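Heads up: the structure comes next, in structure tokens.
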Protein chains: 2
Amino acid sequence: MDNSAPAAPKYYRLKEELRGLVRDAEPGSPIPTERALASRYETSRTTVRQAIAELVAEGVLSRTQGKGTFVAPSSPTYVRQLTSFTDDAAAQDLRSSSRILGIEHVTADASLVSRFGMPMASELTRVERVRLINGEPLAHEAAYLPGVLDGLRGHLEGNGSLYATLSAHYGIDIAEAEDTVETMVAGPEDALLLKTEMGAPLLLIHRRGLDAEGTPVEWTRSVFRGDRFRFFARTRR
Amino acid sequence: MDNSAPAAPKYYRLKEELRGLVRDAEPGSPIPTERALASRYETSRTTVRQAIAELVAEGVLSRTQGKGTFVAPSSPTYVRQLTSFTDDAAAQDLRSSSRILGIEHVTADASLVSRFGMPMASELTRVERVRLINGEPLAHEAAYLPGVLDGLRGHLEGNGSLYATLSAHYGIDIAEAEDTVETMVAGPEDALLLKTEMGAPLLLIHRRGLDAEGTPVEWTRSVFRGDRFRFFARTRR
DNA sequence: TAGTGGTCTAGACCACCAA
DNA sequence: TGGTGGTCTAGACCACTAG
């Protein structure tokens, strides 16, 4: 009788083999080309690509069409709940910045009201940004704020922190937040904006921010690269 | 000159096509076989499989070797921070249960102490379980608790709630928790335990539980299916 | 046993990058 | 221009499920 464990698929054994080869390598250093690996391990390029794809999803490798496949920088970036992205990055000695994709005034429709889950001002301001750490895109977020916030772009370009800007110039202070965290898969737009690849695992975070009176004053949808981000939350019962 | 946007890959167009076909379908109903889809859309099975793979990762479809590919049940399961898995499931009218994989006493080594990030009792109890919702595996978790907790298996088999058991029988009350949430990719063991497939996106959650005095009394590593789980956190500044 | 999804092959052509 | 990764093909065989 056959008592041997069923062999893992070849692409999986290759994946773990590659993980070992890469463990002590310098971040940014290239690994052999897919065709070279296929030849070395006597397999097909398809199988090599399946192994590499999962290591990319895990953030172990990164690849660029026309250039090659490289050992990814390791350190994931923590972002704490209810603190400013800007401050958190600074606390970890990372340069944070953001690229404003658009600021516009919108009228609340049924969909928006239901997403806020609250009575809303009829006029909202929508801020769409890409958040970067050390120049690398980490997140894409769209925030909805009540009212028409004139001059917001100027203030944001000054320091980049939305929460600090809201507090200093508009009298909006977020005292409490509700977040949900789930996974999603990168589509073409996400892949472009976050410089990752289609099919890559992402973290989708929805936040509802409340002021000291418990009134909802923020609704934000954020998409983070799953390979470079860790969400941190602390709660008292 | 060519002003047309570059066409999305064929597998991506097929993916969105399939998403539409499936949107109004009954959960659990089968979709055509991969060979049938390849023929219908005049493409290869490889391309069909790439499209289906991403829909599986998103929790839109599920498939079983030998049986077929099916429309997945939609509802993701929320689990709130710092509340009992058991209670949360009940609040959402879901049957929760757990399968105990093992309960053992271990001696704290350097690795464990550093993960706890604190001075530890030298004797720990390790509880490994699979958590199920409506009979479907949702999470795999291993909890470390300080001391030798005799009779734990019996108490857990009684009601299933670890937090309730700790409070009622061992005088351990968790008053505060720190969680980190990140993505990972399913390997062979995760795929088996969670009845998902290799390469599937998972949520990896580490929790450190503290009692009212701020003493760490729990360290848990949980792996949740990314397609059926949403993490919820509420924080006051 | 027939049919399904899971793995794998050996190619092909395209899009992109650097020299 | 040559080499890289990205997409796609048309098969093959295996592992598993169900009738």
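Order of the sequence lines sets the chain letters (A, B, ...), proteins ahead of strands, with each chain counted from 1. Remember, predicted model here, so these are calculated numbers, not experimental data.
You'll find the side chain of B/L138 reaches within 4.5 Å of the side chain of B/F85, heavy atoms only. Considering only heavy atoms from C-beta on, B/H206 stays 4.5 Å or farther from B/E178 through its side chain.
Ring geometry for B/Y144 against B/W219 counts as tilted: the plane angle lies between 30° and 60°, on a 0 to 90° scale.
Using a 4.0 Å cut-off between charged side-chain N and carboxylate O, B/E34 and B/R49 make a salt bridge.
Between B/H140 and the options B/R131, B/R129, B/E128, a side chain to side chain donor-acceptor pair (under 3.5 Å) holds for only B/E128. Of the residues listed (B/I103, B/T165, B/L149), the one engaging B/V127 in a side chain to side chain contact (heavy atoms under 4.5 Å, CB included) is B/I103, and it is the only one.
Both B/K67 and A/T64 sit near DNA chain C, but only B/K67 has its closest nucleotide nearer the 5' end. A residue-by-residue look at A/G66 and A/K10 shows that A/K10 has its nearest nucleotide of DNA chain C further toward the 5' end.
Within residues 42-52 of chain B, the residues that have a heavy atom under 4.0 Å from DNA chain C are, in order of number, B/R45, B/R49.
The backbone N or O of B/A8 sits less than 3.5 Å from a side-chain atom of B/R13, completing a donor-acceptor pair.
Bounding nucleotides for the chain A contact on DNA chain C, 5' to 3', at a heavy-atom distance below 4.0 Å, are C/dT7 to C/dA18.
Under the 3.5 Å distance criterion, with hydrogens and angles disregarded, a donor-acceptor pair is assigned to the side chains of B/T220 and B/E218. Checking B/Y12 against B/E54 by side-chain atom types alone, no donor-acceptor pair falls below 3.5 Å.
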Fill in the dot-bracket string of DNA chain D, one character per base: . for unpaired, | for a pair to another strand, ( ) or [ ] for pairs within the strand, taking Watson-Crick or G-U pairs under 3.5 Å. ||||||||||||||||||.

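Taking each heavy atom of B/A51 and B/L18 in turn, the nearest pair found is CB-CD1, 4.4 Å.
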